[in-house]
Visitor: 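Dropping a structure here in structure tokens format, bear with me for questions.
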Amino acid sequence: MNFNGISFDTYFKHYPDANGFFGKYGGAFIQPELRAAMEEITHAYYTICKSSKFIAELRKIRKEFQGRPTPISHLERLSTHIGTGVQLYVKREDLNHTGAHKLNHCMGEALLAKYMGKKKVIAETGAGQHGVALATAAAYFGLECDIYMGAVDIKKQAPNVARMKILGANVIEVTEGLQTLKEAVDAAFSAYAKEYKDAIYCIGSVLGPHPFPMMVRDFQSVVGIEAREQFLEMTGELPDAIVACVGGGSNAMGLFSGFLNVPVDIYGIEPLGRGTALGDHAASLKYGTEGIMHGFNSIMLKDENGEPAPVYSVASGLDYPSSGPEHAFLHDLGRVKYDVVDDDETIDAFFTLSRLEGIIPAIESAHAVAYGMKLARQMSHGSLLINLSGRGDKDMDYIIERYGIR
Ligand SMILES: *Cc1c(COP(=O)(O)O)cnc(C)c1O
């Protein structure tokens, strides 16, 4: 399929290019000490990911440890409730081991670490979800695991800190600056610059310098490959549209990669939070401009000094001031339509899906559900597939405290 001059049948051969660019986005804008480390990872990945031994081991892990394939569920009661005849379906990443899609790339990254002979994985975490997924992967492979986390986040996210420690990870408290995600990223990167001979850095989404946006996409593509096959088998056709929430953009790239070359409308949904003022949302593709941060060129939200702007979302997994470079590319091409839903629409969808279907979604995933419901109301027929990136167990305390039981 051709779209705006790009052939999506050969898309994955050409994007990213040899230097990690998706059009003008991506690349590797990093300190010289880390350049050798990134080149080593890139080289290892290009070699190892094609070896039949690596592929066979990853397949076995997907099936026997993660519980894949995850099913697609037909949301019959929600479809009836909306009443336009449009049928809604969800891809159940909430049923992936540890309750979200993040383990798909963490297992891949840790397996790569093992093949490269590394002893340790290093990462930062904000809300703790990436830290827990990586600690899980490290425990599985018997790797050491250092997770850098701001002191403020450590206090806020006590259950995830406990999980990481139970899984054997070292949670390293970062006390610089505002003591949150940004400082944790800096601390983790400088630790990695010293330790890269024995360690590998594991990024938590389709972000960071090349090769991470490509590698994380490839590891997440299992979601889209499974979903396309399953949907065809269930219904005899492709969905008319697919929807996923976009923070960094890994669950979305996973689903989208299975559908880029077929005539399916694709929607990436960003958090509008409390509204359109800078600081009240994290809709970087919708309101941002081109810029470089955290080692890559993309579309980002900037403050008056051109630095990453403060962002907000009710979903802590979506509050990042940029998105992966491939999303910026697909945005400019128009192949994926990026839109927003706010906190209120999200929380409504959270309760509606729980009550009508017996599925409590992660608040991140509820953004995609909210948009899917909106879209279904505007369509007169057809089908919609939504990526349910994770389950909502982690959000229970927050929901009860802030919204009560509806
Ligand atoms: C972390 C997280 C996200 C956001 O990350 P992406 O890289 O944008 O997918 C979405 N949903 C859940 C459940 C998460 O834990």
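One-based numbering, in listed order, for ligands and for the atoms of each.
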Visitor: Is the shortest side-chain N to carboxylate O distance from Arg391 to Asp94 below 4.0 Å?
Guide: no
Visitor: Charged N to carboxylate O below 4.0 Å: is that the case for Asp343 and Arg274?
Guide: no
Visitor: What atoms of ligand 1 come closer than 4.0 angstrom to any heavy atom of Gly390?
Guide: 13 (C)
Visitor: Checking Glu226 against Arg62 for the salt bridge (Lys or Arg N to Asp or Glu O under 4.0 Å) test, could you report, in this order, the C-alpha distance in whole Å, the side-chain angles of both residues, the deciding distance, and whether it holds?
Guide: CA-CA 12 Å; Glu226 282 177 12; Arg62 300 284 197 223; over 6 Å; no
Visitor: For atom 11 (N) of ligand 1, find the nearest protein heavy atom and state the residue, atom name and distance (0.1 Å precision).
Guide: Ser389 OG, 2.7 Å
Visitor: If we only count N/O pairs under 3.5 Å, is Gly248 in contact with ligand 1?
Guide: yes
Visitor: Between His101 and Gln220, does the side chain to side chain donor-acceptor pair (under 3.5 Å) criterion hold? Intermediate values first, please.
Guide: CA-CA 8 Å; His101 70 288; Gln220 285 296 343; 4.5 Å; no
Visitor: Taking only heavy atoms of Ala362 into account, list the atoms of ligand 1 that are under 4.0 Å away from them.
Guide: 13 (C)
Visitor: Under 4.0 Å from a heavy atom of Gly247: which atoms of ligand 1 are those, numbered in the order shown and with their elements?
Guide: 8 (O)
Visitor: Could you name the option among Lys102, Glu364, Gln129 that has the heavy atom nearest to atom 15 (O) of ligand 1?
Guide: Lys102
Visitor: Taking atom CG as the centre, does Leu178 end up with more than 12 heavy-atom neighbours from other residues, nucleotides or ligands that are less than 6.0 angstrom away?
Guide: no
Visitor: Please work out whether any backbone atom (N, CA, C, O) or any side-chain heavy atom from C-beta onward of His130 is under 4.0 Å from ligand 1, and answer side chain, backbone, both or neither.
Guide: neither
Visitor: Does a side-chain N-to-carboxylate-O contact under 4.0 Å join Arg77 and Glu357?
Guide: no
Visitor: Could Asp348 and Arg406 be called an ion pair, given the rule that one side-chain N must be under 4.0 Å from one carboxylate O?
Guide: yes
Visitor: Does any N or O atom in Gly249 lie less than 3.5 angstrom from one in ligand 1, N or O only?
Guide: yes
Visitor: State if Gln220 counts as touching ligand 1 under the rule of any non-hydrogen atom under 4.0 Å.
Guide: no
Visitor: Any idea which atoms of ligand 1 are less than 4.0 Å away from a heavy-atom of Gly317?
Guide: 4 (C)
Visitor: Quick one: look up the protein heavy atom nearest atom 6 (P) of ligand 1 and list residue, atom name and how far away it is.
Guide: Ser250 N, 3.3 Å
Visitor: Salt-bridged, Lys114 to Glu57, with N to O below 4.0 Å?
Guide: yes
Visitor: If I apply the N/O under 3.5 Å rule, does Lys394 come out as touching ligand 1?
Guide: no
